[in-house]
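Notes follow once the structure below has been shown.
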Amino acid sequence: MIDVVDVSRRYEGDQAALDHLSLHVAEGECLALLGPSGSGKSTLLNLIAGLDRPTEGTVTVGGTRVDRLGEAAAARYRRATIGLVFQFFNLLDDLTVADNVLLPAQIAGAPAARSRQRARELLETLGIDRHADAYPGRLSGGERQRVAVARALMNRPPLLLADEPTGALDTASGAEVRKLLVDLHADGQTIVLVTHDEALATTVATRTVRLVDGQVTA
Amino acid sequence: MSAIRTVVRGAQRRRVSTIVIVAATTMAVTATVLAGLLLAASSAPFDNAFARQHGAHLTALFDSAKTTKAQAAATAAQAKESIGPFPVATATPKQDPENPPIPPLTVVGRADPGADPIDKVTLLAGRWARTTGEIVVARTNLMIPPGIVLHLTNGSTLKVVGEARSISRTAQGWVTPDEAAALGQTGWQMLYRYADASSATAMTAHRTALGPAAQAQSWLDVRNDAAHRTQLYVPLLSSFGLLGLALAALVIGNVTAGTIASATRRIGVLKALGLTPSQVVRACLAQALIPGLIGAVLGIVVGDLLAVPLTADVADLFGTVPLSVTPWVDAIAIVAAVLVIGATAAPAAYRAAKLRTVDALAVGRTPHNGRGRVAARLAARTRLPRPLSLGLAQPFTRPARLLAMLVTIGLGAAAATFAIGLTLSLRQVQAAHDAPDTSADVLVAPDRPGADDPRAVIAATPGTGQFYGRGPADITVTGLRDAAQGTVTSGDARWAGYAMLAGRWYTAPGEAVVSTGFLTATGMHLGDTVTGAGHRPLTLVGEVFDGSANNHLYTDVASLSAAGAQPFLEWYVKLQPGTDRTAYIEALRSKNVYAEATRTEGVDGTLLVLDSLTALLTGLLVSVAGLGVLNAVVLESRDRVHDIGVHKSVGMTPKQTAAMVVASVGLPGLIGGAVGVPAGYLLHRWALPAMAHGAGIRLPQTTIDVYAPALLAVLALAGLVLAAAGALLPAGWAARTRTAVALRTE
């Protein structure tokens with residue numbers, strides 16, 4: 001599913017965030033990337049998501065050379081292939097929960113009726129359907145992260161990327177999200193997870209990779 | 001101080017935003033300078049130009065056959081100041097059938113007309129005449145540019161080496177004294193200034209004191225004549241000036257408030273580190289004032305550069321001389337810019353100082369305050385592509401910024417509507433004015449008074465449709481000191497195309513139509529009867545538009561007494577459809593009747609100047625409005641950069657992102673256009689009759705009703721185009737912003 005080969009990412013004047021890193025993720029796998037701050041976990045996730053480009057090396061996802069995509073092609077790739085979940089949710093505060101969830105389908109130009117049906121199903125599955133018409137600001141952290149997960153799954157992406165999905169949540173909410181990810185993986189969803197949280201990695205991931213200074217150490 | 005410097009340094013880091021602030025302030029101050037110059041130039045233009053040239057109160061011409069140079073010079077004792085005598089001659093150019101005719105020019109021999117203590121003639125182009133065979137012509141509608149060689153009837157030539165303007169209208173051209181002698185001197189010119197020249201009575205006394213040998217022109221007559229020109233355009237230029245000032249103030253205020261608002265989080269960080277509220281206020285003011293002042297200084301420079309062509313156009317329009325760069329206008333523009341920046345920055349700075357540190361730090365990370373949610377919900381329900389509906393709802397999250405953008409676009413649309421309407425109206429005025437000449441196909445002009453009456457020949461020539469004769473005649477009017485300018489016609493002139501303001505065209509001797517100026521001067525009304533020597537009583541049956549405020553009366557030639565001098569008539573012929581005009585003219589000439597195609601005068605020089613002025617001013621106002629939009633969209637895009645990152649992370653392409661940003665100005669553009677166009681329309685309906693009233697004339701309704709519905713619809717869309725044009729740059733910036741960078745931005 002994912003082939004990262006000899007990838008480096010350097011920023012101007014800085015040490016390499018990633019240094020000749022290679023990685024393979026199989027379809028249906030749930031990989032946890034562990035490591036201290038500044039180890040290059042989020043940078044690697046950005047490269048897989050097509051949000052950033054490597055300085056060297058190749059990134060291939062589902063047969064697509066992500067490192068060669070232009071901005072427009074990268075956007076289309078994300079629509080079709082990637083679901084993104086962020087630590088701070090990144091929901092749009094002036095849209096309702098339902099409209100946030102619908103957004104990826106609407107941007108992709110999917111048929112409206114089918115999209116609404118899909119959004120309803122996701123909200124029900126994730127247990128937040130009663131908040132469909134609420135605004136994200138009124139929800140708890142856990143509920144907001146569920147909305148973010150629903151949005152990430154809207155276009156049925158083969159790959160879910162989660163960057164510290166429990167990092168901004170209290171213990172109870174963190175547990176909710178952990179269970180959600182386990183369920184998703186159980187249903188066959190390929191997941192790459194960036195986290196500091198050893199417990200989350202242990203519970204959810206089928207494999208863990210540890211990064212230090214942009215290199216795989218274990 | 002270092003903390004303040006840290007806040008200010010934030011402006012350096014936000015390069016795009018800072019450039020926009022500087023550019024917007026530059027354009028706004030440029031508009032202020034030009035608007036100020038317009039208002040200055042439109043304020044008593046004749047009097048100011050007369051003062052600058054130290055104009056002549058009285059311009060006297062002594063016949064050199066009757067008055068010696070010494071006798072002319074002796075009259076200097078009667079005035080406070082005087083110069084002369086200068087030799088006067090007439091230069092009569094040969095008529096070239098290929099070119100418009102140039103009438104005989106009264107030229108004065110002055111060695112250095114620009115340096116004399118009175119009537120300091122302003123050189124507008126070229127140079128002064130240095131030797132014989134050279135002439136500097138007075139700039140008039142004749143438009144004789146430097147480089148032309150005039151071939152005179154006496155066999156000599158005069159090369160035009162310059163164009164100049166005397167506000168006192170003392171000559172139609174200036175040559176060296178030797179050239180004046182060579183041309184055949186006919187008189188001496190003396191120019192006087194008096195201690196008391198303020199009243200017609202005083203000027204009459206001065207004129208009388210010169211004796212019967214002198215023909216003298218009073219500056220008051222020149223000023224009255226000039227007033228008709230200036231009064232027509234003062235409201236126009238004042239309107240532009242005021243629109244420019246309003247837009248400039250709005251844009252500067254909007255830019256300033258936006259600058260401070262965008263620095264709130266940075267201020268929060270510094271407050272957390274110990275910045276006091278008073279330091280916040282000083283820092284905010286400094287942050288707004290520094291780019292504002294840079295923009296203001298640049299605006300002064302650009303404004304002064306643009307002032308050169310602008311004031312030249314205005315001077316041509318008013319028949320005066322160009323204003324030089326006016327330091328007081330520059331100073332006022334700078335002070336006004338600083339005041340507007342300060343007035344807008346102070347409340348914003350005060351708000352920033354009062355803002356709790358925790359709230360300032362949370363800017364960009366906390367949920368919105370709920371504004372714009374209804375708009376977002378409604379937009380989401382539309383069938384528009386999602387990027388467009390997202391964009392449409394965006395402005396409603398910041399109502400104050402939306403309002404400022406609406407006003408900016410509205411003023412831009414109003415300015416464009418007003419300018420286009422004005423140009424169309426002036427073209428209609430020109431068309432109405434020219435109609436009596438252009439409605440005919442052929443002009444039959446006997447070569448001298450008393451020549452054979454050509455009517456029989458015209459009537460007998462195949463192809464003749466309708467024709468009538470027209471000529472000038474002085475009509476005495478009981479109660480008026482001077483005779484009215486009269487035009488008499490022979491035959492049916494109803495088809496001649498005179499635009500009627502009221503009543504009807506006359507149909508029989510004993511009836512007359514008059515200009516608005518005649519009714520004003522006499523206090524008469526339609527239905528009244530004009531009496532006077534040399535004509536039968538004339539019943540006023542109509543008010544006609546003749547493009548000037550003159551005292552004008554039109555009647556049938558048969559209304560004149562047979563005993564009086566009979567006017568010299570030219571005959572205007574409308575051909576039957578399908579008649580070959582050239583062959584028709586040849587046919588008349590073969591019968592020794594001189595005929596020519598009716599002259600089409602071409603585009604009037606005044607209209608050209610006015611077109612150029614309106615284009616320059618409209619372009620400037622629309623540019624300022626566009627920059628205002630640009631600034632607002634840049635601020636909005638910066639505020640929403642994180643949201644843009646989120647959109648991109650869920651698959652929004654660069655094109656969709658650009659479309660979203662452009663769509664965000666769609667509604668303000670439509671509403672601004674929808675409000676601005678009627679405002680410009682109403683301004684036009686008010687200003688044009690006001691201009692005409694100031695000039696002592698009334699305009700036909702056709703010159704005011706110039707907006708076709710389709711034109712108004714197109715103009716209404718202009719607001720949208722203006723808004724979209726202003727949003728294009730930030731849209732491109734938003735489209736190019738890398739998603740990872742946008743997501744990291746707080």
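Remember, predicted model here, so these are calculated numbers, not experimental data. First the proteins, then the strands, lettered A, B, ... as listed; each starts at 1.
Minimum heavy-atom separation, A/Ala72 to B/Pro654: CA-CD, 3.4 Å. The shortest non-hydrogen separation linking A/Leu51 to B/Ser649 is CD2-CA, 4.3 Å. Summarising the geometry of B/Thr737 relative to A/Glu71, their closest heavy-atom pair is O-OE1, 4.2 Å, with the distance given to 0.1 Å.
At least one side-chain heavy atom of B/Val646 sits under 4.5 Å from a side-chain heavy atom of A/Arg151. Here the side chains of B/Val650 and A/Met154 are not in contact, with every heavy-atom distance at 4.5 Å or above. In this structure the side chain of A/Arg79 reaches within 4.5 angstrom of the side chain of B/Thr653, judged on heavy atoms.
Using a 4.5 Å cut-off between heavy atoms, A/Phe86 contacts chain B through its side chain alone, with no backbone atom that close. In this structure, chain A has heavy atoms under 4.5 Å from both the backbone and the side chain of B/Lys648. Using a 4.5 Å cut-off between heavy atoms, A/Ala108 makes no contact with chain B at all. With a threshold of 4.5 angstrom between heavy atoms, A/Arg53 approaches chain B through its backbone and through its side chain.
In this structure, OG1 on B/Thr397 lies 11.0 Å from CG on A/Asp93, to the nearest 0.5 angstrom.
When each of B/Arg736, B/Arg383, B/Arg377 is scored by its heavy-atom pairs under 4.5 Å with chain A, the top score falls to B/Arg377.
The main-chain N or O of A/Leu102 is never found under 3.5 Å from a side-chain atom of B/Arg386 such that the two would form a donor-acceptor pair.
Counting non-hydrogen atoms of other residues, nucleotides and ligands closer than 6.0 Å to CD of A/Glu27 gives a total of 12 or fewer. Within 6.0 Å of atom CZ in A/Arg68, 12 or fewer heavy atoms from other residues, nucleotides or ligands are found, so the atom counts as exposed in its surroundings.
Results of the side-chain contact (heavy atoms from CB on, under 4.5 Å) test with B/Leu390 over A/Asp99, A/Asp94, A/Leu103 single out A/Leu103 as the only residue that passes.
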